[in-house]
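Let me begin by presenting the structure, written as structure tokens, before commenting on it.
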Amino acid sequence: QVQVMESGGGLVQPGGSLRLSCVVSGRMSNIGTIAWYHQAPGKERELVARITEGITRYSDSALGRFTISRDFARDGAKSAVTLEMRNQGPDDTGLYLCNAGGRNLLRARNFWGQGTQVTVSS
């Protein structure tokens, strides 16, 4: 059906940059919005950025520092969504999860990956 897999997390120094990747596999005609969420230790999951047919939206904390982009495979069976993170601070530490929202035949379905850990520390 639909699989979501994140990668790219790791340790980054304050002020540094990191690029996260989310690969969504499945029939892309049934996938609408793809989003990145951040779950800081002991806190609830929060939306960081999302992209819908090329239109992007960011949280206040991500605006101006993070960039979300999406590439499509030619066969329509895979899509990669990248989250470029710049000027990172300790508050950016946490688990980053990718969510793919269904549409058409998969309407109202949501697909999550396992997440990738980001630690901002000197």
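The analysis underlying the following values was restricted to heavy atoms, covering all of them including side chains, and did not include hydrogens, waters or symmetry mates. All figures in this text were calculated on a predicted structure; none of them were measured in a lab.
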**OP:** Could you tell me the separation between the CG atom of L47 and the OG1 atom of T33, rounded to the nearest 0.5 Å?
**Re:** 10.0 Å
Original post:
Taking everything shown except E46 itself, do over 12 heavy atoms lie less than 6.0 Å from its CD?
Top reply: no
Original post:
In Å, rounded to the nearest 0.5 Å, how long is the span from NZ of K78 to CG of D71?
Top reply: 13.0 Å
**OP:** Work out which heavy atom in L20 is nearest to a heavy atom in G9; give both atom names and the distance.
**Re:** CD2-N, 3.6 Å
**OP:** For R45, look at atom CZ and say whether over 12 heavy atoms of other residues, nucleotides or ligands are found less than 6.0 Å away.
**Re:** yes
**OP:** Applying salt bridge (Lys or Arg N to Asp or Glu O under 4.0 Å) between R65 and each of D91, D92, D60, report the one that passes.
**Re:** D92
Original post:
When rounded to the nearest 0.5 angstrom, what is the spacing between OG in S21 and CE in M5?
Top reply: 10.5 Å
Subject >> Closest non-hydrogen atom pair between C22 and V4, with its separation >> reply: SG-CG1, 3.6 Å
Original post:
Rounded to the nearest 0.5 Å, what separation is found between the OG1 atom of T52 and the CZ atom of R70?
Top reply: 8.5 Å
Original post:
Under 4.5 Å between side-chain heavy atoms, hopping through other hydrophobics if needed: is there a path connecting V12 to L95?
Top reply: no
Subject >> Where P14 and S122 come nearest, the two heavy atoms and their spacing >> reply: CD-N, 3.7 Å
**OP:** Check whether any side-chain N or O of T56 sits under 3.5 Å from a backbone N or O of I51 as a donor-acceptor pair, and report yes or no.
**Re:** no
**OP:** Determine, using the 4.5 Å side-chain heavy-atom cutoff (strictly less than), whether F111 and L97 are members of one ILVMFWY cluster.
**Re:** no
Original post:
How many angstroms lie between atom CE of M28 and atom CG of N104, to the nearest 0.5 angstrom?
Top reply: 12.0 Å
Original post:
Can you get from Y58 to M85 by hopping between Ile, Leu, Val, Met, Phe, Trp and Tyr side chains that sit under 4.5 Å apart?
Top reply: yes
Subject >> Main-chain N/O of N110 paired to N99 side chain as donor or acceptor, under 3.5 Å >> reply: no
**OP:** Answer yes or no: is there a donor N or O on one side and an acceptor on the other, between the side chain of E6 and the main chain of T116, under 3.5 Å?
**Re:** no
**OP:** Can you establish whether the number of heavy atoms outside Q3 located under 6.0 Å from its atom CD is more than 12?
**Re:** no
Original post:
Hey, quick one: are I55 and L83 part of the same hydrophobic cluster, counting side-chain heavy atoms closer than 4.5 Å, chains of contacts allowed?
Top reply: no
Original post:
Under 3.5 Å, is there a donor-acceptor pair between the R19 and T82 side chains?
Top reply: no
Original post:
Quick check, are the ring centers of Y37 and W112 under 6.0 angstrom apart?
Top reply: yes
Subject >> Polar side-chain atom of R103 near backbone of I31 as donor-acceptor pair, under 3.5 Å >> reply: yes
**OP:** Indicate, with yes or no, if W36 and V2 share a hydrophobic cluster defined by side-chain heavy-atom contacts under 4.5 Å among Ile, Leu, Val, Met, Phe, Trp and Tyr.
**Re:** yes
Original post:
Would R86 and T67 count as having a side-chain donor-acceptor pair, cut-off 3.5 Å?
Top reply: yes
Original post:
Atom OG of S17 and atom CD of Q88: how far apart are they, to the nearest 0.5 Å?
Top reply: 7.0 Å
Original post:
How far apart are the closest heavy atoms of V81 and I68, and which atoms are they?
Top reply: CG1-CG1, 3.6 Å
**OP:** Locate the shortest heavy-atom distance separating V24 from I34; write the atom from each residue and the value.
**Re:** CG2-CD1, 3.8 Å
